[in-house]
Amino acid sequence: QKEVEQNSGPLSVPEGAIASLNCTYSDRGSQSFFWYRQYSGKSPELIMFIYSNGDKEDGRFTAQLNKASQYVSLLIRDSQPSDSATYLCAVIRNNAGNMLTFGGGTRLMVKP
Amino acid sequence: KAGVTQTPRYLIKTRGQQVTLSCSPISGHRSVSWYQQTPGQGLQFLFEYFSETQRNKGNFPGRFSGRQFSNSRSEMNVSTLELGDSALYLCASSLGGGANGNTIYFGEGSWLTVV
């Protein structure tokens, strides 16, 4: 079992819709959870991070964390074609400093 | 505020050579981590330095090494390059401490091609 799992996609949504990206993790001691967006040929760009159970909103993005079920999700409202990218989920395990463990990423395609 | 700066951005090396990559973190950040990204393996952690000390190390051979200087700038070195070392090498910068709430930013990366 991989430590961090994501559906590789592609996830295809129409412009203006809500895109829902999911991530599960295996280590219950994981403490911080990050979402990055990566365009082809570019480096990961931080979207947001969350470390408390519940929702965290930032503009069109909402991260949801459920530690009991060991999953974290990212919702993108009013999806735009410019949101088409690979979304990477990463976690920091307990006592792991700033060591990020990444999932394989989900490729999102937003169609006009 | 300047971001994470990595140099060089692109380089081509020959098998058996060695390479040194440099990373300047965001001003005030004391933690620098290095990652390797390949199409087959995804993003994999190499090592993390905090206040000039290696705090964590990933599962890579000893050919991969790094260090951090007193100004928090970091270098990583790969010796005896192999074709499989061709990858995007990413540097990540954080305030440090590893506590909840640390944001972690990536540089633009160094694209290494080994021929």
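Keep in mind the model is a prediction, meaning the values are calculated, not measured. To find a chain, count down the sequence lines: A is the first, B the second, and so on, and within it residues start at 1.
Formation of a donor-acceptor pair under 3.5 Å by the B:Y35 side chain with backbone atoms of A:L100 is found in this model. In this structure a side-chain-to-backbone donor-acceptor pair under 3.5 Å is present from A:S43 to B:G107.
B:T103 and A:F34 make their closest contact through CA-CE2, 4.4 Å (heavy atoms, listed as atom of the first residue, atom of the second, distance). Shortest non-hydrogen contact noted between B:Y105 and A:L46 is CE2-CD2, 3.8 Å.
Separation of atoms CG (A:N98) and NE2 (B:H29) is listed at 10.0 Å; rounding is to 0.5 Å. Atom CE of A:M99 and atom CZ of B:F47 lie 13.5 Å apart (nearest 0.5 Å). Of the inter-residue distances, the one linking B:N56 atom CG with A:R93 atom CZ reads 10.0 Å to the nearest 0.5 angstrom.
With sequence neighbours left out, the side-chain contact (heavy atoms from CB on, under 4.5 Å) criterion links B:T14 to B:Q17, B:V115.
Other residues, nucleotides and ligands contribute over 12 non-hydrogen atoms within 6.0 Å of the CD atom of B:E75. Atom CZ of B:R63 is surrounded by more than 12 heavy atoms from other residues, nucleotides or ligands within 6.0 Å. No more than 12 heavy atoms of other residues, nucleotides or ligands shown are found within 6.0 angstrom of NZ on A:K2. Within a 6.0 Å radius of CG in A:N53, more than 12 heavy atoms belonging to other residues, nucleotides or ligands are found.
Cluster membership for B:M76 and B:W111, using ILVMFWY side-chain heavy atoms within less than 4.5 angstrom, is not shared. Cluster annotation: A:L65 and A:F49 are assigned to distinct hydrophobic clusters (Ile/Leu/Val/Met/Phe/Trp/Tyr, side-chain heavy-atom contacts under 4.5 Å, transitive). Taken together through direct or relayed side-chain contacts under 4.5 Å among Ile, Leu, Val, Met, Phe, Trp and Tyr, A:Y51 and A:I92 form part of one hydrophobic cluster. Note: the hydrophobic cluster containing A:Y71 does not contain A:F33 (ILVMFWY, side chain heavy atoms under 4.5 Å, direct or indirect links). The hydrophobic clustering, which links ILVMFWY residues whose side-chain heavy atoms are closer than 4.5 Å, places B:F50 and B:V32 apart.
With a threshold of 4.5 angstrom between heavy atoms, B:Q41 does not approach chain A through any atom at all. Of the two parts of B:L90, only the side chain, counted from C-beta on, holds a non-hydrogen atom closer than 4.5 Å to a non-hydrogen atom of chain A. If you measure heavy-atom distances from A:I50 to chain B, you find no contacts under 4.5 Å at all. Contact annotation for A:E45: neither backbone nor side-chain heavy atoms come within less than 4.5 Å of a heavy atom of chain B.
For residues 65-74 of chain B, heavy-atom neighbours of chain A at less than 4.5 Å comprise no residues at all.
Contact of the B:I104 side chain with the A:S32 side chain is not registered, since no non-hydrogen atoms from C-beta on lie closer than 4.5 Å.
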